[in-house]
**Q** 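Please read through the structure below; I'll follow up with questions.
A, B, ... follow the sequence lines: proteins, then strands. Residue 1 opens every chain.
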2 protein chains.
Amino acid sequence: MQFHHDYATCQSCAQRFNSVFCKAREEYVDAINEQKICNTYKKGQILFNEGAYPFGVYCINEGKIKLSHQGDDGKEQIIRLLKSGDVLGYRALLSGDRYGASAVALEDTKVCFIPKEIFVTVLKNDTGLAFEMMKLLSDELHKAEVKLTHLAQKPIRERLAETLLFIKETYGFEEDGITLNVRLSREEIANLVGTATESTIRLLSDFKKDGMVELDGKKIKILQHKLLLQTANLQD
Amino acid sequence: MQFHHDYATCQSCAQRFNSVFCKAREEYVDAINEQKICNTYKKGQILFNEGAYPFGVYCINEGKIKLSHQGDDGKEQIIRLLKSGDVLGYRALLSGDRYGASAVALEDTKVCFIPKEIFVTVLKNDTGLAFEMMKLLSDELHKAEVKLTHLAQKPIRERLAETLLFIKETYGFEEDGITLNVRLSREEIANLVGTATESTIRLLSDFKKDGMVELDGKKIKILQHKLLLQTANLQD
DNA sequence: CCACAAACATGATTTTTATCATGTTTAATC
DNA sequence: GATTAAACATGATAAAAATCATGTTTGTGG
């Protein structure tokens with residue numbers, strides 16, 4: 001366990017209006033603030049494990065987290081990438097279920113834990129939050145269904161291009177405006193695309209040859225955004 | 001458009017306690033009952049189309065419906081199978097989005113349409129319903145994420161076995177206790193599995209040779225449930 | 001009952017993708 | 001800064017799956 005310390009208050013949190021709690025009533029934000037437990041996770045540390053029971057939800061103050069599902073043969077499938085302002089752990093809580101996926105920090109990450117009881121109480125009393133929650137769930141469901149279709153119908157080349165664009169959408173670029181603002185291993189990218197690591201490495205090399213990306217270790221620079229969109233068979 | 005007629009009332013509906021409305025308060029069930037519009041759809045008829053705007057949700061009184069997503073090349077991907085008591089159309093409504101999928105009747109189906117306004121009003125005022133809704137969304141999200149992982153990691157043979165078991169879970173058997181209680185074309189099964197129609201046909205033949213299933217036109221009989229579970233690489 | 005289209009079936013072939021094998025580079029640790 | 005494991009890279013091969021081709025069956029409307 002880590003040393004507990006607060007990132008100021010929920011009321012003044014930089015992510016307050018950037019999260020699902022954006023429309024929560026002041027009094028409830030106060031209530032959550034009093035019960036929250038702040039924590040820091042180092043890169044690679046686990047927030048929770050698939051199969052464990054949820055005791056609350058986690059709100060990311062700063063950092064990046066991957067949510068991954070374990071396939072029957074133990075192979076990782078990354079199902080979501082999370083960033084500052086994102087909340088995680090709500091799916092299992094609302095289903096009354098165990099966690100369906102594990103959460104691992106992709107870099108040093110500041111997180112606030114909101115205990116189940118207060119979260120549910122606020123959800124019961126604040127219609128605005130409940131609707132935001134339903135919207136969040138609906139959006140995630142939609143994304144999952146679209147991904148499902150692409151996984152079933154698109155070749156790997158297109159899926160990789162799409163994944164690179166998805167990473168860009170999620171984490172954006174560094175100051176230079178072209179380097180993806182996250183470091184993922186080739187294996188992690190493969191587990192996001194749903195393919196073998198070697199295939200991902202090979203195709204990234206192809207993309208480089210085609211001048212679409214530049215590779216520098218784990219740094220990936222997007223050189224030809226339009227061409228990548230085209231390769232993914234998507235319209236902007 | 002079809003002739004409008006009521007299937008008795010929501011209060012006395014056979015599906016009332018079998019749906020997401022199971023915990024809705026009596027007064028709200030009354031309110032929904034007054035606004036609902038009942039309808040019958042013939043096999044193959046479309047309830048709504050991907051890309052259209054939602055004006056309410058649909059509640060199935062009796063029948064079967066497929067929800068399918070159109071891939072970029074026009075190929076159908078079936079993302080959900082729905083039965084009596086199931087509600088559809090809520091995802092887009094809660095996202096504030098257009099429909100992400102089309103709904104088509106798999107057989108003659110009786111459906112009640114609940115206009116957006118009354119649905120949202122009830123959802124705002126009935127915490128029990130709101131929580132049931134969140135649970136439904138969470139459960140669907142979980143299913144989608146598991147399916148995603150299997151689609152990415154399992155070979156087609158396992159996915160087909162899994163799909164047959166899924167169909168059985170959803171629609172059950174006919175009176176004989178072994179025939180799947182729905183008629184799907186090979187193409188539809190393929191679009192559920194996420195594969196080519198020919199591959200599905202071939203593997204169904206294999207399953208027949210292995211004595212796992214019996215095929216009689218669109219009738220599929222499950223002969224060896226255990227073996228099918230094993231083929232799907234699942235534990236019961 | 002016949003005509004005809006759609007669905008089903010199966011073999012042959014090609015394409016896609018995973019796996020295996022083997023180096024090379026990179027990065028972490030002492 | 002040498003050691004060593006992990007990650008990256010790439011070629012060769014095998015396996016999986018899609019596509020193409022061609023019949024056959026089934027079901028439907030006249």
Side-chain angles (χ1 to χ4, degrees), chain A residues 42-44 71-77 106-108 149-164 180 182-210 213-221 231 233, chain B residues 42-44 71-78 106-107 149-164 180 182-210 213-221 231 233:
Chain A
K42 294 246 168 237
K43 178 177 174 174
D72 297 324
D73 52 350
K75 192 168 154 50
E76 173 188 52
Q77 179 69 31
L106 289 170
E107 56 184 50
D108 293 1
T149 303
H150 289 179
L151 208 45
Q153 299 186 358
K154 285 186 166 192
I156 294 188
R157 187 181 167 82
E158 294 185 23
R159 300 215 310 271
L160 176 59
E162 195 172 342
T163 298
L164 292 178
L180 290 181
V182 66
R183 298 298 134 84
L184 294 169
S185 69
R186 303 292 191 262
E187 189 180 3
E188 284 174 315
I189 297 174
N191 295 344
L192 212 38
V193 174
T195 186
T197 307
E198 293 97 321
S199 300
T200 297
I201 291 173
R202 234 181 283 274
L203 282 169
L204 277 175
S205 295
D206 287 356
F207 284 6
K208 185 180 166 182
K209 278 188 200 113
D210 298 344
V213 304
E214 195 181 308
L215 305 173
D216 174 15
K218 286 193 174 52
K219 283 189 203 171
I220 297 176
K221 293 184 210 289
T231 304
N233 204 4
Chain B
K42 293 248 168 235
K43 177 177 173 173
D72 297 324
D73 51 350
K75 191 168 156 51
E76 173 187 54
Q77 179 68 33
I78 301 181
L106 290 171
E107 57 184 48
T149 302
H150 289 179
L151 208 45
Q153 301 186 355
K154 286 186 165 193
I156 295 187
R157 187 181 167 82
E158 293 185 24
R159 299 216 309 271
L160 175 60
E162 197 172 340
T163 298
L164 292 178
L180 291 181
V182 65
R183 298 297 134 85
L184 295 169
S185 68
R186 302 294 191 260
E187 189 180 3
E188 284 173 316
I189 296 174
N191 294 344
L192 211 39
V193 174
T195 187
T197 307
E198 294 96 321
S199 299
T200 296
I201 292 173
R202 233 181 283 275
L203 282 169
L204 278 175
S205 295
D206 287 356
F207 285 6
K208 184 179 168 184
K209 277 188 200 112
D210 297 345
V213 304
E214 195 180 308
L215 305 172
D216 174 15
K218 286 192 174 51
K219 281 189 202 171
I220 297 177
K221 292 183 210 288
T231 303
N233 202 5

**Q** Quick one: side chains of residues 183-190 of chain A, donor-acceptor pairs under 3.5 Å with protein atoms, not counting sequence neighbours, listed by atom name and distance.
**A**
unit_1, atom_1, unit_2, atom_2, d
A:R183, NH2, A:E174, OE2, 2.1
A:S185, OG, A:E187, N, 3.4
A:S185, OG, A:E188, N, 3.0
A:R186, NH1, A:G217, O, 3.3
A:R186, NH2, A:G217, O, 3.2
A:E188, OE1, A:S185, N, 3.0
A:E188, OE2, A:K66, NZ, 2.9

**Q** With rounding to the nearest 0.5 Å, note down the distance linking CG in B:L160 to CD1 in B:I201.
**A** 11.5 Å

**Q** State the CG-CD distance between A:N233 and A:Q153, to the nearest 0.5 angstrom.
**A** 11.0 Å

**Q** Return the value, rounded to whole Å, for the distance between atom CZ of B:R157 and atom P of D:dA15.
**A** 16 Å

**Q** Can you work out whether B:K154 or A:S205 has the more 5'-proximal nearest nucleotide on DNA chain D?
**A** A:S205

**Q** Between B:D72 and A:K154, does any side-chain N to carboxylate O distance fall below 4.0 Å?
**A** yes

**Q** Might you confirm whether atom NZ of A:K221 has over 12 heavy atoms from other residues, nucleotides or ligands at distances under 6.0 Å?
**A** yes

**Q** Given that A:K218 and A:P155 both sit by DNA chain C, which one's nearest nucleotide is further toward the 5' end?
**A** A:P155

**Q** Using the heavy-atom set of chain A and a strict 4.0 Å cut-off, write down the first and last nucleotide of DNA chain C that makes it in, 5' to 3'.
**A** C:dT17 to C:dC20

**Q** Are more than 12 heavy atoms, taken from residues, nucleotides or ligands other than B:K75, located less than 6.0 Å from that residue's NZ atom?
**A** yes

**Q** Which parts of residues 189-202 of chain B get close to DNA chain C, meaning a heavy atom less than 4.0 angstrom away?
**A** B:E198, B:I201, B:R202

**Q** May I ask you to decide if B:N191's main-chain N or O and B:Q77's side chain share a donor-acceptor pair within less than 3.5 Å?
**A** yes

**Q** Could you check if a side-chain atom of B:R159 sits within less than 4.5 angstrom of a side-chain atom of B:I156, using non-hydrogen atoms only?
**A** yes

